[in-house]
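Lettering of chains follows the sequences in order, A, B, ..., and the numbering in each one begins at 1. Fair warning: this is a prediction, and the values are worked out from it, not measured in the lab.
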Amino acid sequence: MTKQVQQLDRVIIRFAGDSGDGMQLTGDRFTAETAEFGNDLSTLPNFPAEIRAPAGTLPGVSSFQLHFADHDILTPGDAPNVLVAMNPAALKANLSDLPRGADIIANSDEFTKRNLAKVGYAESPLEDESLSEWRVHSVPLTSLTVKALEEFEISKKDAERAKNMFALGLLSWLYHRPVEATIKFIESKFAKKPDIAKSNVAAFNAGWNYGETTEAFSVSYEIKPAKLAPGVYRNISGNQALAYGLIAASVQSGLPLFLGSYPITPASDILHELSKHKRFGIRTFQAEDEIAGVGAALGAAFGGALGVTTTSGPGVALKAETVGLAVTTELPLIVVDVQRAGPSTGMPTKTEQTDLLMALYGRNGESPVPVVAPSTPSDCFDIAVEAARIALKYRTPVMLLSDGYLANGSEPWKLPEIEDLPDISVEFTTEPNGEDGTYLPFKRDTETLARPWAVPGTPGLEHRIGGIEKADGTGNISYDPNNHDLMVRLRQAKIDGIDVPDLEVDDPSGSARVLVLGWGSTYGPIAAAIRRVRRSGSEVAQAHLRHLNPFPKNIGEVLKSYDKVLLPEINLGQLALLLRARFLVDIISYNRVRGLPFKAEELAGVIQDVIDSE
Amino acid sequence: MTKQVQQLDRVIIRFAGDSGDGMQLTGDRFTAETAEFGNDLSTLPNFPAEIRAPAGTLPGVSSFQLHFADHDILTPGDAPNVLVAMNPAALKANLSDLPRGADIIANSDEFTKRNLAKVGYAESPLEDESLSEWRVHSVPLTSLTVKALEEFEISKKDAERAKNMFALGLLSWLYHRPVEATIKFIESKFAKKPDIAKSNVAAFNAGWNYGETTEAFSVSYEIKPAKLAPGVYRNISGNQALAYGLIAASVQSGLPLFLGSYPITPASDILHELSKHKRFGIRTFQAEDEIAGVGAALGAAFGGALGVTTTSGPGVALKAETVGLAVTTELPLIVVDVQRAGPSTGMPTKTEQTDLLMALYGRNGESPVPVVAPSTPSDCFDIAVEAARIALKYRTPVMLLSDGYLANGSEPWKLPEIEDLPDISVEFTTEPNGEDGTYLPFKRDTETLARPWAVPGTPGLEHRIGGIEKADGTGNISYDPNNHDLMVRLRQAKIDGIDVPDLEVDDPSGSARVLVLGWGSTYGPIAAAIRRVRRSGSEVAQAHLRHLNPFPKNIGEVLKSYDKVLLPEINLGQLALLLRARFLVDIISYNRVRGLPFKAEELAGVIQDVIDSE
Amino acid sequence: MNGKGLALIPRAEGKQTLKDFKSDQEVRWCPGCGDYAILAAVQSFMPELGIKRENTVFVSGIGCSSRFPYYMNTYGFHSIHGRAPAIATGLAASRPDLSVWVITGDGDALSIGGNHLIHALRRNVNLNILLFNNRIYGLTKGQYSPTSEVGKITKSTPMGSLDRPFNPISLAIGAEAGFVARTLDSDRKHLHSVLREAAAHRGTSLVEIYQNCNIFNDGAFERMKDPATRDAITVRLEHGQPIVFADQAVRLARTGGVEVVPRESVREEEILVHDAHNPDPSLAFALSRLDEPAFTHVPIGVFRSVDRPSYDQLMSEQLEAATAKKGQGSLSDLLHGGDTWRIS
Amino acid sequence: MNGKGLALIPRAEGKQTLKDFKSDQEVRWCPGCGDYAILAAVQSFMPELGIKRENTVFVSGIGCSSRFPYYMNTYGFHSIHGRAPAIATGLAASRPDLSVWVITGDGDALSIGGNHLIHALRRNVNLNILLFNNRIYGLTKGQYSPTSEVGKITKSTPMGSLDRPFNPISLAIGAEAGFVARTLDSDRKHLHSVLREAAAHRGTSLVEIYQNCNIFNDGAFERMKDPATRDAITVRLEHGQPIVFADQAVRLARTGGVEVVPRESVREEEILVHDAHNPDPSLAFALSRLDEPAFTHVPIGVFRSVDRPSYDQLMSEQLEAATAKKGQGSLSDLLHGGDTWRIS
Ligand SMILES: Cc1ncc(C[n+]2csc(CCOP(=O)(O)OP(=O)(O)O)c2C)c(N)n1
Ligand SMILES: Cc1ncc(C[n+]2csc(CCOP(=O)(O)OP(=O)(O)O)c2C)c(N)n1
Ligand code: SF4
Ligand code: SF4
Ligand SMILES: [Mg+2]
Ligand SMILES: [Mg+2]
């Protein structure tokens, strides 16, 4: 039977199943195949808060969404074209996101009375009329897998567990994905258990063959590779890119990296990743708590290391006092906050942009710090290098605000040329800078206002620093009122004077009247929304902030050159507050705090409304 | 010899000496005499950071300034009319604050070579011409005291230590203070050491007689009692008033007070004071750290107590995570921040207003809290009751921002009538509020949006709360995106909707074009400056914010009804940022971060400049 | 039963059953997690105390184990990471009529919360702390914890962990704990017996519960569960009883600690008789070192149970004494208490 | 001298003197404060180590004692309350060529900083922690501390404190410390001897120094200084020596701990010979309980000094092993290391 092949320009697939069903792995593999094939892509994993919630329940559903296309894309997509539902819970939990007419591939074996009851289905939706508006493909994935593996000497349980590979095979067929790498991957993953390896490969192939031979699927789809800029690409998640960026910063600065960290979702993976790279001289220290994590990083910085601490919101709160110490001792330090939904414990596995004001103001006293934020998963690499540049050049802690969406989402990343990476090397002070051969630890560079950095082990420059106010120059304890006022202003001026690139505005015609401004992980959804709006004939400008403190110098001008500025944020208007205060501009905020990224369609509507209301 | 008596309307005295010289006690006693006499007064103690810095050095100088008058006054005064200098260090450290022509009473016995050398005087300033612009009274205070006490069976050291009482006696004579209470005070203070008691009384009397009999002082001064509002008065410091306010809140709410605290300057005295009042059922708990302090207070609040924690800036930073938990569990809690100079350890004994933005934003996630701030030492009483009212009525943590200046400064306080204190009593929920007799811990009051408060021990209302996002109503854990957005907005709306009295504007003519706005402890200096400006013929309006979040409802209107709004703050413009963002008004900031209160004269100049530049 | 620990807590009127202590929330640990067994054990144990359910509060931090309060039909507070002992301290110190239970994990109690734990122990507020020790961070998906063995390979320590673990029993005894015990998730009877003594103890009691995390640290306590090894390594401590197990006995060692010797090789009088009430904690400490190297000999049971006044009790007494001496506080008297003057 | 603790630290070239270690800052403790004696002792001790002054760092928290680093002419970091062990850990773990000293007080180390302290001890980074124990909060003007005796009347406890103090030695041993010692501000010779051993020990060493605060807790250690009582209560521990003092001796007690008995009443072999190197900490723990009730018998000297690899050392070894196995990291290889594809 020759099957029909249809050309598509983009597809959004969501794999959904029980936490134990291996959906993240399945998604990862499909992503790898897709990356290899050359589509542009963007992913959105979504795991339950529990490690393994009870099987078959709604809270136990784990999903992975992948958007891929023959052109460059910006988000993991608003609404899936295809839902793979491994059980009734997966169907129920995801159905509301599924536009009418989308495909549903359901594992009919799992639609048992018991499983249906667990999620409150009286009858199987595969059998009544309730799914009539979707294209349902009922496939007995489990039994087909078990049957395909009859010949192997493995337990029934192991055979059943391979059903995700069957599904992956089927989907790989459906979308013409290259399969060799997946087969290799399975073989190496289970290298120590050859039976399991073989049976998983067999299940994968069986899935592929099932698509090819049965009549259940009459059409398969081709999505051409995307015409991306030439270069070498790899797929990368935000957390991994951030870890790589920190390693790059260590290499480019010539300073050993010291990470002091305490595990916390969704930041832990940066610790995990960095702990693998000891060959780079990287020391990772799992501390007893967040305070010790940042304290150790600061201690290492005092000793001349590139000190880094990684955490999420509640951890940032705990680190505040120590960050204040870094501010006043003017030591370089990178504080990474992978934001998650708050307040308090909040929803640890969900994303949010609600820590901006805490990053800026969450310390006692006038305690200014620079703040940067990446806009896409791969930008996490660049922003880490930028954070290090600022920290080292200006001797200051820097707050880096990533978030759960960037951290776990992935996209193809065009690898930078090493020689294009900035040189951020540091010269330690080794000679006295005061009169009579004295060392003045707070005698500043006249241009950057940075203080010198003499590390222990340097003869003749022995000195003491601390959290009490210091006399300008000497750094001795000082309670002099005028000195304090001076130091408060110098610390502020140093941060205000950081060299930050100008804000770039994307305004193709130059005649848009509405500017959409964003920061952090909203870049993708905003840009996708802008495309839609432009496609529908309206003019609109876009600008995205990566430097939240200080702002780019031209930002005031930019804001004032548009009639309206729309600022979507996944918070209640934190950046808006800062811009309003600074520039007295009546920013229009759009805020949704749902723990999820914006949808492009939603934003397109909002943008259009703002344009139309002119 | 009959001496001349001169009438004055106000005097500013500064007692200054070594930390060991008992200047705080001397100042306190003079204040008590002055209060008893019926002058209005205001005080400013100023201690060194060290417990006892080496004797005779500049860092070891301790001082106490007192301003008293025959009319109501607002500040401890800018510049002393009289400096009592117990040693060369005290003279040197304070001379620059002393206007030409002021009196200096110096203890000439201490102007020895050695002591002079310690502070870098080549020659005794009492003997060269360097003090010619002041009226210097060289008095051998130490030897006069020792001589006066010859008959007593005490050591020479003890005799010498009584010199502060001699000085107090002299000053009491000079300003016609009533002395009986001081004599009683000495007797009771040294009740267990009758010899010391008697000799101190003798020293005090000797000082008085010295003034009366010697020719060194030819004039004494009378300052009539002030015509204050009728009532019973006492002198009170901010920390004491705050402690009393918390006790009053406990009495008026009917809830036992539980204080969880960790010592820190300048907040510790609140802990000390409250720990004395166990008869009120007050439990004071000195915790292992700030986090445990606020945690215990929150635990007690869960149990139905009025939970309070007291600290200063670095402690607030540490408490952030727990305050976030209080925000999301919506439990009442009072967090007192007696602000001090930051960042980091900063200058612990100095004052500042730099924690406002931390109070508002120093937590992860959208985590709104109400913020109140007292304007004078005695207002600390009222603001504590107000903080409790808000906390209990709205079930929310409240940040109360006092500062070092209010905490240690004192003023006469007209005691409130108990029956005029607000009734802030609370009704715990004791009956189910849901269907089928269930209890919904997050079913809100429709007016205040407060949730019900059912405490352990209440049968049938067993329920669980926590830091993870809660479903509206039931309070069960919820990861539902729309619920999260709703809860974020409900928590915000609850705080935004707190009933706050309108901002009162003092604009006698109604035609001022400039408004001077302030918050917190700047009230006195601003009001004093306003008086000066008005006296010199200009019109200017004044308004002072006690509620920083939410703002009074009429504030936008008020701001917009003046051409210019001047906002002096002891920070780099924190309230200004909030107002600019909220009302897009171009507030004029005046900021000095010197660890000291503003001077009225300084502010008067600034205000005049703003008026003149119109 | 009703030891001093429950003396101030109102008694339930009717008889309570396990069902009374089950909340309506679906339990959401991984299938097979040791937490299930502990939950079931606690739920079945609570009725025995005979106190009012509404006067019972479970306070926890963050971690898999810290989900526990949601499943108990009592008052509950699922707080923040490491802070449960502090929060429970405020609650118990201000409400001596409550039975307050702290549920915590090895990370929660010993890593971020270590300070609150040791201070709670020395302070001796009336709390029962149940420390679920699975020797791993469960909720954050498997990093090593302060009780993980040296060389532990986890996501954060791919080449093995470097730091020596705490022995929670030794740490607690070093922190002046009055009551310290250890038990096992899978041994309900033993768990009950330890909970019983903990509840009866007035002051802070620490119960370490070995708990299997079958996802990230499966089999950590297998040697204590496997019938093949179990009896040879499990040392059951019972007050007043000689410490013997399998064919072994425990006696004082010359070098100050205790040692395990073949039972037959010692005289009866040489065998150590367990004295949990010994005011000197030295022997309890020595016993806590028996499982060095880990899992050669693991004592379970009550190591130490020594009476001393609880903090909440002393605090209440001070309030009473102050009131007895000068009467209840009067706000008016307080305000008028200093030097006052009248202006008319 | 140069024990393992200093093995990686560069040696000074010339001879150093006390003066080299004095900074130009005016010392600002209260006249008579015990901190002066300790400062003088440390300044006079440092030259003996023979290491480069610039490779010496003093890190402190906040408290009177924590002002210490300002007065040492070495590198110094006066950090924030309680966090010095954490900060020093990062420094020492990343710079094995430094001699890192932590200066802390009883409040700093045992109250707010308790968790960092116990973790530093079990972790065993190469640090020397000097805990100035004056049994009071000095800098904040005299509240009780976690080492104040029960019933202490202070500003925050006008009716007396309620909570049992920590015994820092017991706590440290319970926290798996490898080196634990105690000494006294006024006994310079003894102080030197203990510092010497602490510096020579590679890993975390904790030295408790009894320090008189003559302003807020004067005479706290008077019984150990007053010639009338001193010798009868001070138990000097010396490795390999029988533990005897005045006319008393220490022996193992039947109940597991140790006891003081008249020397004449015991046989020579019964007298305990101090073994600081005993891998089992039980006896060191028992010795730490000798001063119960407080100041009946106070052991000073090194309670425990046991070698085990230091954390920084193990960390360096992992870095070396990783590099030895696969070569130094290459950034380009790293970035190209995953599944990559080329678009041209
Ligand atoms: C302030 C803060 N830091 C870190 C975390 C992340 N976190 C949650 S639970 C946990 C450790 C859990 O381990 P354990 O206490 O042993 O509990 P288990 O899950 O093993 O029962 C961590 C690190 C957090 N929630 N809050
Ligand atoms: C975060 C924080 N909390 C509280 C304080 C106030 N504080 C400074 S030192 C100190 C205790 C000092 O006691 P100790 O450590 O025993 O040192 P000592 O002054 O007795 O030498 C306290 C509570 C602070 N500086 N920072
Ligand atoms: S991760 Fe481990 S501890 Fe957590 S629920 Fe699963 S099995 Fe239990
Ligand atoms: S207060 Fe006590 S510890 Fe502090 S410097 Fe003075 S005497 Fe020393
Ligand atoms: Mg655990
Ligand atoms: Mg102390």
Between C:Asp312 and C:Ser310: side-chain donor-acceptor atoms closer than 3.5 Å | yes
Under-4.0 Å salt bridge between B:Glu288 and C:Arg123 = yes
Name the region of B:Ala35, side chain, backbone, both or neither, that has any atom closer than 4.5 Å to a heavy atom of chain C.
-> both
Please flag which part of B:Leu331 lies under 4.5 Å from any non-hydrogen atom of chain C: side chain, backbone, both or neither.
-> side chain
Measure C:Gln318 against the heavy atoms of chain B and call it side chain, backbone, both or neither at under 4.5 Å.
-> both
Does any heavy atom of chain C fall under 4.5 Å from the side chain of B:Ile465, the backbone, both, or neither of them?
-> both
Of C:Ala92, C:Ala88, C:Ala86, the largest count of non-hydrogen pairs under 4.5 angstrom with chain B goes to C:Ala86
Toward chain B, the part of C:Asp97 with a non-hydrogen atom under 4.5 Å = neither
Could you tell me which portion of C:Ser316 (side chain, backbone, both or neither) has an atom closer than 4.5 angstrom to a non-hydrogen atom of chain B?
-> both
The interface call for B:Tyr233 against chain C, heavy-atom contacts under 4.5 Å, is both
May I ask you to decide if C:Thr140's main-chain N or O and C:Gln143's side chain share a donor-acceptor pair within less than 3.5 Å?
-> yes
Interface moiety of B:Thr322 toward chain C, non-hydrogen atoms closer than 4.5 Å = both
With under 30° as parallel and over 60° as perpendicular, where do the rings of B:Phe302 and C:Phe77 fit, or are they tilted in between?
-> tilted
Go through the atoms of B:Phe381 and report whether side chain, backbone, both or neither lie under 4.5 Å from a heavy atom of chain C.
-> side chain
Taking the six-membered ring for Trp, is the centroid-to-centroid distance between C:Tyr71 and C:Trp29 below 6.0 Å?
-> yes
What do you reckon, are the aromatic ring centroids of B:Phe68 and B:Phe37 less than 6.0 Å apart?
-> no
Mind checking whether C:Phe58 and C:Phe68 have parallel, tilted or perpendicular rings, split at 30° and 60°?
-> tilted
Side chain, backbone, both or neither of B:Pro459 within contact of chain C (heavy atoms, under 4.5 Å) = both
Quick one: of C:Val59, C:Thr56, C:Val100, C:Ile87, who has the most non-hydrogen atom pairs under 4.5 Å with chain B?
-> C:Ile87
Okay, B:Ala229 and chain C: the region with an atom under 4.5 Å from a heavy atom over there is backbone
Please determine, among C:Gln25, C:Lys52, C:His81, the option with the most heavy-atom pairs under 4.5 Å with chain B.
-> C:Gln25
